[in-house]
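What follows is a set of notes on a single structure, which appears directly below.
The figures here come from the full heavy-atom set of this structure, side chains too, leaving out hydrogens, waters and symmetry mates.
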Amino acid sequence: MSTYYTNDRTTQIVLYLLKAHGIRKVIVSPGTTNVTLVASMQIDPYFELYSAVDERSAAYMACGLAYESGEPVVLSCTEATASRNYFPGLTEAYYRKLPVLAITGCHGSNDIGHLRPQVIDRSEQPVDTVKMSISLGKCKSQDDEWFVNVQTNKALLELTRNGGGPVHINLSYSGSSFLTRNLPSTRVIRRYSQFENVPSLPNGRIAIFVGSHKKWTDDELNAIDSFCANHNAVVFCDKTSGYLGKYRIDYALIAAQSSYTPHTNNPDLLIHIGEVSGDIYTQGSLKPQSVWRVSEDGEVRDTFKRLKNVFAMPEKIFFTLYKDINPNNTDEYLNACKKEYESIASQVPDVEFSNVWIAQTLIGKLPKQSILHLSIFNSLRSWNFAPTRLDIQTICNVGGFGIDGTLSTLLGASIAHPDILHFAVIGDLAFFYDMNSLGNRYVSNNIRILLINNGRGTEFRNYDHPCVLFGEEADSYMAAAGHFGYKSTTLVKNYALSLGFKYLTASTKEDFLNMYEQFTDPNNREAPMILEVFTDSKEESNAVYAYRHIIKECVLEIKNKAKRFVKDIIKR
């Protein structure tokens with residue numbers, strides 16, 4: 001008889017998190033594919049196990065036990081029709097919002113549909129049987145373990161979320177040995193509402209990462225500023241974050257340095273708010289000790305893979321709630337981040353004619369109170385490198401993160417605010433994708449479009465893109481070069497003029513410097529405008545490389561060697 005836990009890591013994670021979330025009551029039905037779970041449970045005195053041969057009866061038993069005890073109850077059975085027999089009881093639990101967790105064993109999804117005995121397809125459940133259904137495979141890598149951890153935490157939290165209800169976990173059978181004496185730990189994710197006792201703030205540096213964000217209210221801005229003032233906190237933003245307060249740091253320029261790792265990358269706590277962000281450099285470089293996610297939806301969003309707590313509440317409530325708890329009235333972190341940014345920004349190179357160069361040149365010339373729309377991917381990245389203007393609003397369609405729809409979004413926004421100038425910076429593929437919107441009869445003279453035409457999806461020709469391995473061969477299909485007139489000097493011009501646009505063009509820095517004043521003149525409202533700029537993919541790539549290597553690797557290596565030399569001398 002086994003007296004130890006299973007060696008299967010997936011099952012270990014499920015067991016540990018059941019205990020961490022206070023779930024102990026289990027009703028077990030006999031079977032093979034659930035042996036690994038059940039055998040580990042029955043040697044652990046924490047779990048209260050009950051036996052039921054009939055799965056239909058077991059599910060109804062769980063309803064009664066969950067209702068009377070007020071605790072979640074686990075069901076465990078094997079695959080095939082055993083799991084189907086849970087449906088009547090789970091339906092009862094669904095409509096009564098009872099926290100019943102059905103863990104069904106299986107041989108894995110690879111065998112589904114191949115006439116294997118007992119293997120059935122449980123990928124979809126009737127809509128009124130469970131609130132959530134997840135499948136957990138085997139842990140063969142760190143990414144697998146992260147996925148299993150997050151999914152299991154989500155499933156267990158769902159049992160009591162929004163009033164509670166049943167949840168399903170499909171657990172692959174491992175058939176492993178039982179040699180683990182002590183159950184290995186795994187990360188536990190908690191969820192809090194504004195009506196619960198919330199955890200204390202950790203000591204040290206606090207960063208707030210803001211993804212794309214709806215328009216801020218004055219109350220929300222005041223709450224976040226007051227919080228930062230009291231807690232040595234900063235706000236990491238990009239052009240879609242919308243926060244323009246005192247504690248804003250445009251971190252993309254810092255994080256993009258591929259040969260440099262600043263000490264500001266490691267906050268003790270990262271508070272994650274907002275939605276999808278296009279600032280991949282900051283997301284990839286930050287290494288916080290822990291992450292708190294604040295959102296009214298209460299969803300588990302583990303963007304940084306270090307999520308600890310989820311706060312299902314408005315941001316204003318959260319920051320107000322924590323404003324005076326364990327205050328740390330210092331701007332040490334803010335000053336450190338500003339120093340890093342100013343040091344790098346003061347060394348930005350004069351790059352070739354490109355989206356990056358245009359962003360640096362034009363950002364200070366846009367009229368006050370105008371609205372700037374950026375397409376993905378090259379335009380958003382290039383303008384994230386540029387300083388932020390506090391008197392203009394910047395928008396990018398990072399929700400679905402596709403190239404389609406930038407011009408149509410621009411059009412819709414221009415209708416909402418006809419007295420405000422609306423600018424768009426867009427690549428050629430994205431432009432031609434959505435160019436039909438320019439023929440809409442609601443296009444007005446408050447629209448200005450900056451078209452960066454390099455004749456292809458220049459993203460796929462950048463030095464750091466996987467397609468760089470294919471060189472010019474990437475153009476044919478990956479970068480989709482050669483479409484739409486292949487940098488024709490007349491195609492967009494004729495189309496624009498036919499639709500009543502004023503058309504401008506530039507192919508060099510000198511051309512652009514002679515042209516941008518017409519493009520940005522707020523008093524010139526005779527017609528909508530298109531400024532078509534012709535750039536080269538190689539120069540676009542060179543510009544990105546230059547901005548990602550402002551701090552040179554050789555300088556860092558010299559410093560590191562010097563540090564090692566000094567340490568060696570001290571040791572001797």
Side-chain angles (χ1 to χ4, degrees), residues 11 13-106 118 120 122 124-136 151-171 173 188 190-191 193 195-196 298:
T11 306
I13 291 172
V14 172
L15 291 166
Y16 186 92
L17 290 177
L18 285 172
K19 297 176 71 171
H21 286 277
I23 302 172
R24 65 177 65 239
K25 292 178 167 56
V26 187
I27 300 176
V28 178
S29 296
T32 299
T33 59
N34 60 332
V35 163
T36 306
L37 178 71
V38 175
S40 297
M41 283 179 162
Q42 71 180 31
I43 59 94
D44 189 331
Y46 172 83
F47 293 104
E48 298 176 12
L49 269 62
Y50 304 90
S51 179
V53 176
D54 184 329
E55 286 83 12
R56 184 178 63 167
S57 176
Y60 279 111
M61 284 176 62
C63 289
L65 185 55
Y67 178 77
E68 293 298 336
S69 68
E71 299 178 30
V73 176
V74 178
L75 291 168
S76 173
C77 76
T78 190
E79 56 189 332
T81 55
S83 60
R84 294 285 193 257
N85 293 327
Y86 279 159
F87 283 148
L90 290 176
T91 303
E92 178 71 15
Y94 183 89
Y95 284 107
R96 290 175 60 193
K97 296 185 176 180
L98 298 173
V100 175
L101 174 62
I103 303 180
T104 58
C106 70
Q118 294 194 316
I120 62 174
R122 285 195 294 252
E124 295 185 11
Q125 317 302 325
V127 294
D128 57 353
T129 55
V130 292
K131 297 173 62 186
M132 175 184 290
S133 178
I134 65 168
S135 290
L136 302 178
Q151 291 295 94
T152 306
N153 271 295
K154 286 174 66 175
L156 302 187
L157 289 170
E158 193 67 20
L159 287 166
T160 53
R161 181 174 176 235
N162 294 332
V167 170
H168 170 235
I169 294 178
N170 207 35
L171 183 61
Y173 171 61
V188 181
R190 307 286 186 187
R191 181 186 283 119
S193 74
F195 307 108
E196 296 177 284

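- Checked against side-chain contact (heavy atoms from CB on, under 4.5 Å), Arg56 has the following partners two or more places apart in sequence or in another chain: Asp54, Tyr60, Asn85, Pro88.
- Side-chain contact between Leu136 and Ile13: absent, with no pair of heavy atoms (C-beta onward) separated by less than 4.5 Å.
- Using a 4.5 Å heavy-atom threshold, the side chains of Tyr94 and Val127 count as separate.
- Contact of the Glu55 side chain with the Thr81 side chain is not registered, since no non-hydrogen atoms from C-beta on lie closer than 4.5 Å.
- Without hydrogens or angle criteria, Arg24 side chain to Glu48 main chain gives no donor-acceptor distance under 3.5 Å.
- Note that CG of Leu15 and CD1 of Ile23 are 11.5 Å apart. Values are rounded to the nearest 0.5 Å.
- Residues Pro166 and Leu90 meet the side-chain proximity criterion, which asks for heavy atoms closer than 4.5 Å.
- You'll find the side chain of Val100 stays beyond 4.5 Å of the side chain of Tyr86, heavy atoms only.
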Walk me through whether Tyr50 and Leu65 qualify under side chain to side chain contact (heavy atoms under 4.5 Å, CB included).
CA-CA 11 Å; Tyr50 304 90; Leu65 185 55; 4.2 Å; yes
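- Residue Asp44 holds its CG atom at 10.5 Å from CG of Leu18, rounded to the nearest 0.5 Å.
- Taking the side-chain contact (heavy atoms from CB on, under 4.5 Å) definition, one finds that Lys97 meets it with nothing, sequence neighbours left out.
- At least one side-chain heavy atom of Asn153 sits less than 4.5 Å from a side-chain heavy atom of Leu17.
- Contact between Thr32 and Tyr173 at its shortest, heavy atoms only, is O-CE1, 3.5 Å.
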Side chain to side chain contact (heavy atoms under 4.5 Å, CB included) between Leu157 and His21: does it pass, once the steps are laid out?
CA-CA 8 Å; Leu157 289 170; His21 286 277; 3.8 Å; yes
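- The SG atom of Cys106 sits 4.0 Å away from atom CG of Asn170, with the distance rounded to the nearest 0.5 Å.
- Ser29 contributes a side-chain N or O that, together with a main-chain N or O of Ala52, makes up a donor-acceptor pair within less than 3.5 Å.
- Counting only heavy atoms from C-beta outward, the side chains of Thr129 and Thr91 approach each other to under 4.5 Å.
- Across all their heavy atoms, Leu75 and Ala59 have their closest contact at CD1-CA, 3.8 Å.
- No donor-acceptor distance shorter than 3.5 angstrom exists from the side chain of Lys154 to the backbone of Ile134, with no hydrogens or angles considered.
- Residues Val38 and Ser76 share a closest heavy-atom pair of CG2-OG, 3.5 Å.
- Between the NZ atom in Lys131 and the NE2 atom in His168 there is a gap of 16.0 Å [rounded to 0.5 Å].
- Smallest separation of non-hydrogen atoms from Ile43 and Ser40: CG1-O, 3.3 Å.
- Contact detail for Gly105 and Thr33: the closest heavy-atom pair is C-OG1, 3.2 Å.
- Expressed to the nearest 0.5 Å, how far OH of Tyr67 lies from CZ of Arg96 amounts to 6.5 Å.
- Separation of atoms SG (Cys77) and CD1 (Ile27) is listed at 12.0 Å; rounding is to 0.5 Å.
- Considering only heavy atoms from C-beta on, Leu171 stays 4.5 Å or farther from Thr36 through its side chain.
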